[in-house]
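Heads up: the structure comes next, in structure tokens.
Not measured: the values here are computed from a predicted model.
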Protein chains: 2
Amino acid sequence: MDTRELSYFVAAAEELHFGRAAQRLGITQPPLSRAIGRLERRLGVALLHRTSRRVTLTDAGAVLLAEARPILAALAAAERHTRRAGTSGPGLVLATKAGASGELLAKLLDAYAAEPGAVPVDLALCESQPQRLLHDGRADVALLHQPFDPVAGLDTEILHTEGQVAIVPSGHPVAVRAELRTADVSDLPDLPLARWPGPDGAYPDGPGAEVRNQTQLFQLIALGRTAVIMPESSGAGLPEGLTAVPIVDAPAVTTVIAWPPHSRSRALALLVRVATRF
Amino acid sequence: MDTRELSYFVAAAEELHFGRAAQRLGITQPPLSRAIGRLERRLGVALLHRTSRRVTLTDAGAVLLAEARPILAALAAAERHTRRAGTSGPGLVLATKAGASGELLAKLLDAYAAEPGAVPVDLALCESQPQRLLHDGRADVALLHQPFDPVAGLDTEILHTEGQVAIVPSGHPVAVRAELRTADVSDLPDLPLARWPGPDGAYPDGPGAEVRNQTQLFQLIALGRTAVIMPESSGAGLPEGLTAVPIVDAPAVTTVIAWPPHSRSRALALLVRVATRF
DNA sequence: CGGATCGATACCGCCCGGGTATCGTTGCCC
DNA sequence: GGGCAACGATACCCGGGCGGTATCGATCCG
């Protein structure tokens, strides 16, 4: 099966309309019709059931669509990884969530820079989903936080484990407590927990404020509109008006350094070695 | 990146010899040279370092090779799965290890056959690696035994959990014991544990007999040459001269029914539903 | 029943993949 | 050290397939 045929089929299967699919692919409709027809003939299976008015997926088409998408994604990732591995480029790109693991990151970068043979490290501080940068080749290595960030398909080393704290407005009654339990903060009607976007960019339902980054979040907390539970280290150096209170029964957060399997860079290996010395 | 180019590169990277690689691909050498050159130009990266006497992988080539192999395997699997999903075929093919889960299998097949809407079920009884049949599309569903069979990348439902027994010659001193511990049978100098082939078909080192199937194994045990630890149910209905003794500290064996993700067959869904009723 | 929408088909030009012939380089061996 | 053999690169040719335009045929709508 050819890559082109496969992406043609995915486009047609997603659009369920040959004209629009062809447009999306930057070709005209007839070659698309022929390509899909040829693919079906080669497989000996109908993939799309089509009348001149409606196009639907057959069972076989649904199977192929589900398998084709990750294959095409893996192909694109392989291409980017190969490009990065060949062009020595600007050194390493390290991805992590902005605001997370601040002290650990600073220590790591300092220690690495002091090593003989270190290369320049660029930072990719994203608002969410740092592991995506790894998968699509925009970064070489990432600091991820279990259980928040999925690490499936990556090689990892554990760097650090820490508890979590609630960050609340200093004026709120719970701010004076020495410690809290999860239930103490998840049930406050006047202070609903902030909601972060999921992997698809959509927000879960709930009463709390929708937030995308830490600045926004801290401002909303300072205004008494929301609260949040996050790792201890993210609560270091809080601005005025915010208080961190340990949550004793929250699951521990593990910071890991992660990289795509099959990486062969000496610079990356050195960075991982330095990181695991902590 | 084209599939053809990718498989050309894999062949060249594995053979490290353009002539042989071309022969393996069923083409001549010049188109292969051109294809690899074009791929390198498009990626902007050298994949193979070649003199007229020696071909070696570059770092980028090693990355691409490692990523390309699973991608090509996934492509081939997708093709087979799609073919199977389309051609309603002879019904379902169920794979499992010959001799394993005998009673459970019989019950499952009977119960399924009694359901309205059941289709004929063919059995693929293999000597090892039943999950391979699933991955390459030769089977639709399998009974696997954790922790022996890898279930990564499959959808599963747990059917049954059982302990393990040692199967020894009836005349041996340990045969009269009511129960054993793993250490009791793994250290017997006169009765070394049988060795099964690994995923690559090679046998691990050790003193025990090399076996491939249950008939062979039981014969060797009856002759006093080896012993084995296996799930209780596999020890049911032993031939004359063999005795099963429970191993109290062996890890439990879980029988699962497994199928490739994205399967959409009604017949398969029914089989799984029947299986999970036990 | 006429028109509009949409997928299939016919036909054409060009690019690209594969083939044969040959060149240039590099170890190797006498 | 020179001749030779092995091997990858290059030159050139041919045919198939991909993409384009034009058009057909079917189906739904008003």
task: Please name the residue in the list A:L92, A:L94, A:L133, A:L134 that meets the side chain to side chain contact (heavy atoms under 4.5 Å, CB included) test with A:D140.
output: A:L92
message: Among C:dG27, C:dG18, C:dA4, which nucleotide has an atom closest to any side-chain atom of B:R4?
response: C:dG18
- request: Please tell me which of B:R50 and A:P31 maps to the more 5' nucleotide of DNA chain D, matching each residue to the nucleotide holding its nearest heavy atom.
  value: B:R50
- prompt: Taking the side chain from B:R277 and the backbone from B:A275, do they hold a donor-acceptor pair closer than 3.5 Å?
  reply: no
query: What is the distance, rounded to the nearest whole Å, between atom CD of B:Q29 and atom P of C:dT20?
result: 12 Å
Selection residues 3-22 of chain B - residue pairs positive for salt bridge (Lys or Arg N to Asp or Glu O under 4.0 Å), sequence neighbours left out: B:D2-B:R4, B:E5-B:R38, B:E5-B:R42, B:E14-B:R24, B:E14-B:R69, B:E15-B:R20, B:E15-B:R24
task: Please check if atom CD1 in B:I158 has more than 12 non-hydrogen atoms from other residues, nucleotides or ligands closer than 6.0 Å.
output: no
task: Figure out the NE2/P separation between A:H49 and C:dA8, and round it to whole Å.
output: 11 Å
query: Side chains of A:L271 and A:L108: closer than 4.5 Å at any heavy-atom pair?
result: yes
message: Using only atom types and a distance under 3.5 Å, with no angle test, would you say the side chain of A:T156 pairs donor to acceptor with the backbone of A:I257?
response: no
- request: Describe the nucleic acid contact of B:R53 in one word from base, sugar-phosphate, nothing, applying a heavy-atom distance below 4.0 Å.
  value: base
task: Take A:R212 and A:Y203, measure what side chain to side chain donor-acceptor pair (under 3.5 Å) needs, and give me the verdict at the end.
output: CA-CA 10 Å; A:R212 303 204 75 86; A:Y203 288 91; 3.3 Å; yes
query: Does CD in A:Q29 sit with more than 12 non-hydrogen atoms of other residues, nucleotides or ligands closer than 6.0 Å?
result: yes
query: Reading DNA chain D 5' to 3', which nucleotide is the first, and which the last, to come under 4.0 Å of any heavy atom in chain B?
result: D:dA6 to D:dT10
task: In whole angstrom, give the distance that lies between atom CG of B:L32 and atom P of C:dT20.
output: 15 Å
- request: Keeping the roles fixed (side chain from B:E40, backbone from B:L47), state whether a donor-acceptor pair exists under 3.5 Å.
  value: yes
message: Below 4.0 angstrom, which residues in residues 8-28 of chain A have at least one non-hydrogen atom near DNA chain C?
response: A:H17, A:F18, A:G19
- prompt: Which of the following nucleotides, C:dG7, C:dG19, C:dA10, is nearest to the side chain of B:R34?
  reply: C:dG19
query: A:R41 has an atom CZ; how far is it from atom P of C:dA8, in whole Å?
result: 11 Å
- prompt: To the nearest angstrom, how far is A:E40 atom CD from C:dA8 atom C1'?
  reply: 12 Å
